[in-house]
Amino acid sequence: MTSVLKISDLHVSVDGKPILKGVNLTIRQGEIHALMGPNGSGKSTLAYSLAGHPKYEITRGTIELNGINIAEVDASERARLGLFLAFQYPITIPGVRVADFLRHAVTNMRNPDRKEGEGLIGMREYRKELNEQMDALGMDHEFARRYLNDGFSGGEKKRMEILQMAMLKPKFAILDETDSGLDSDAVKVVSEGVNRLSGPDLGVLIITHHERLLEFNRPQFTHVMLAGKIVETGDASLAHDLHANGYASIRERHPNEAAEETVERPTPQTQSA
């Protein structure tokens, strides 16, 4: 059965300040959606609200996964149910090796009822799968011995996010400006990684200001957010038009939302697994 992520009339506040003001969006496995909009429109707020960050207070509306409202479910359980968030600015965890981090994350995803103290996924099985995924992403196996994001370049951090996604096998992946701060070569590597993982079992929401990531991952649907609402939806050609011409015409067609535009608060960081 194809899984469906449905967001209905979602209102979200941060520190009492309304940011999202009625978002409606439906994503099915196998679909690629792009979400674009000017700074402060609420894109990252939507990403963190979907992932379950506690600072983001849902004041109205629902987030349904296969008909079950997960708006009150904590972040760990949402991850187990199949949601994944790739961060714009992945955090560093010195002293925790990539291989160890991923082994714990994979174990908790695949054995959610595991009691504290019970064993992790078998090392031989895990190592074989990890090496296969790293080979597919063109990553040196030495990468797994490094501390998580410690001393990583921007491209390495984003590639680490894609490796997590490959190992965790979510139903839905939310990519929050994964192309931010990357040069063209790094964008190509990350884009190809996302493209390799895309397919009938994965629904993708790509949040971006640019078109580069979308060149390799052509969206069936492009949504435009303004002042906490999705105001327009189109196909890949809409993303191209926004990249070429900006948001002036969007603001002209939606003057009420344009008048409400505010600067979005900085986004708190949490770990994506």
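Along the sequence shown, residues are numbered consecutively beginning with 1.
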- Query: What's the verdict on side-chain hydrogen bond (donor to acceptor under 3.5 Å, both in side chains) for Arg28 and Gln220, showing C-alpha distance, side-chain angles and the deciding distance?
  - Reply: CA-CA 11 Å; Arg28 295 171 177 82; Gln220 291 100 328; over 6 Å; no

- Step by step, work out the side-chain hydrogen bond (donor to acceptor under 3.5 Å, both in side chains) result for Thr59 and His11. CA-CA 6 Å; Thr59 57; His11 290 68; 5.5 Å; no

- Note on the structure: Rounded to the nearest 0.5 angstrom, the CD1-NE2 distance for Ile230 and His33 is 10.0 Å

- Task: Check whether any side-chain heavy atom of Tyr126 lies under 4.5 Å from a side-chain heavy atom of Met167, and answer yes or no.
- Result: yes

- Message: Could you check whether Arg60 pairs with Asp9 (Lys NZ or Arg NE/NH1/NH2 to Asp/Glu carboxylate O, under 4.0 Å)?
- Response: yes

- More than 12 foreign heavy atoms under 6.0 Å from NZ of Lys169: is that the case here? yes

- Residues Asn66, Ser3; criterion side-chain hydrogen bond (donor to acceptor under 3.5 Å, both in side chains); working and verdict: CA-CA 6 Å; Asn66 293 334; Ser3 292; 3.2 Å; yes

- Message: Please determine whether a side-chain nitrogen of the Lys or Arg among Lys128 and Glu132 lies less than 4.0 Å from a carboxylate oxygen of the Asp or Glu.
- Response: yes

- Query: Would Ile174 and Phe221 show up in the same hydrophobic cluster when neighbours are defined by side-chain heavy atoms closer than 4.5 Å?
  - Reply: no

- Salt bridge Glu192-Lys188, side-chain N to carboxylate O under 4.0 Å: yes

- Is Arg78 close to Ser76 at the side-chain level, that is, under 4.5 Å between some pair of heavy atoms? no

- Query: Which atom pair, heavy atoms only, marks the closest approach of Ser13 to Pro18?
  - Reply: OG-CA, 3.5 Å

- Test side-chain contact (heavy atoms from CB on, under 4.5 Å), reference Leu20, set Ile7, Leu10, Val14, output is Leu10

- What is the minimum heavy-atom distance between Gly193 and Leu137, and which atoms define it? CA-CD2, 3.8 Å

- Heavy-atom closest pair, residues Ile32 and Asn217: CG2-O, 4.0 Å

- Item | From Gln88 atom CD to Thr208 atom OG1, the distance as rounded to the nearest 0.5 Å | 9.5 Å

- Task: Please find out if less than 6.0 Å separates the ring center of Phe152 from that of Tyr147.
- Result: no

- Query: Any side-chain heavy atom of Leu205 within less than 4.5 Å of one from Phe172?
  - Reply: no

- Note on the structure: Smallest heavy-atom separation, Ala86 atom then Glu161 atom, equals CA-OE1, 3.1 Å

- Query: Is there side-chain contact between Phe143 and Glu156, with heavy atoms separated by less than 4.5 Å?
  - Reply: yes

- Query: Passes side-chain hydrogen bond (donor to acceptor under 3.5 Å, both in side chains), Asn24 versus Ser8? Steps please.
  - Reply: CA-CA 5 Å; Asn24 296 285; Ser8 303; 4.8 Å; no

- Are the side chains of Leu85 and Leu50 in touch, meaning some heavy atoms are under 4.5 Å apart? no

- Message: Checking Ile250 against His254 for the side chain to side chain contact (heavy atoms under 4.5 Å, CB included) test, could you report, in this order, the C-alpha distance in whole Å, the side-chain angles of both residues, the deciding distance, and whether it holds?
- Response: CA-CA 6 Å; Ile250 298 288; His254 304 277; 4.1 Å; yes

- Message: The test is side chain to side chain contact (heavy atoms under 4.5 Å, CB included); show your working for Met225 and Leu46 and say whether it passes.
- Response: CA-CA 10 Å; Met225 181 171 276; Leu46 177 60; 4.2 Å; yes

- Task: Start with the C-alpha gap between Arg251 and Glu257, add the side-chain angles, then the distance that decides, and say whether salt bridge (charged side-chain N to carboxylate O under 4.0 Å, His left out) holds.
- Result: CA-CA 7 Å; Arg251 291 186 173 100; Glu257 286 75 14; over 6 Å; no

- Item | CZ (Arg110) with more than 12 external heavy atoms under 6.0 Å | yes

- Would a distance-only check, ignoring hydrogens and angles, find a side-chain to backbone donor-acceptor pair under 3.5 Å from Lys43 to Gly37? yes

- Spatial distance of atom CG (Leu168) from atom CG (Leu83) [nearest 0.5 Å]: 12.0 Å

- Query: Same hydrophobic cluster for Phe216 and Met139, using side-chain heavy-atom links shorter than 4.5 Å among ILVMFWY?
  - Reply: no

- Message: Whether Lys21 and Glu260 form a salt bridge (side-chain N of Lys/Arg under 4.0 Å from carboxylate O of Asp/Glu) is what I want to check.
- Response: yes

- Task: Check whether any side-chain heavy atom of Val4 lies under 4.5 Å from a side-chain heavy atom of Gln29, and answer yes or no.
- Result: no

- Whether His104 side chain and Asp100 backbone form a donor-acceptor pair below 3.5 Å: yes

- Arg196 side chain to Gln133 side chain, donor-acceptor N/O pair below 3.5 angstrom: yes

- Going through the checks in order, is the side chain to side chain contact (heavy atoms under 4.5 Å, CB included) test met by Met36 and Leu238? CA-CA 10 Å; Met36 305 181 74; Leu238 176 57; over 6 Å; no

- To the nearest 0.5 Å, what is the distance between CG (Asn149) and OH (Tyr89)? 14.5 Å

- Determine whether Pro38 and Leu226 make a side-chain contact, defined as any pair of heavy atoms from C-beta on separated by less than 4.5 Å. yes

- Message: Assess the residue pair Glu215 and Ser191 against the criterion (side chain to side chain contact (heavy atoms under 4.5 Å, CB included)); give the C-alpha distance rounded to whole Å, side-chain angles, the decisive distance to 0.1 Å, and a yes or no.
- Response: CA-CA 8 Å; Glu215 291 175 358; Ser191 298; over 6 Å; no

- Message: Side chains of Asp176 and Ser44 only: does a donor on one sit below 3.5 Å from an acceptor on the other?
- Response: yes

- Message: On a heavy-atom basis, which atom in Met165 and which in Leu197 lie closest, and how many Å separate them?
- Response: CE-CD1, 3.5 Å

- Message: Testing the basics here: between Val204 and Ile27, what is the closest heavy-atom pair and its distance to 0.1 Å?
- Response: N-CG2, 4.5 Å

- Query: Once you round to the nearest 0.5 Å, how far does CG of Asp140 lie from CZ of Arg146?
  - Reply: 9.5 Å

- Task: Indicate yes or no: at least one non-hydrogen side-chain atom of His223 is less than 4.5 angstrom from one of Leu25.
- Result: yes

- Report the distance from atom CG of Leu175 to atom NZ of Lys158, rounding to the nearest 0.5 Å. 10.0 Å

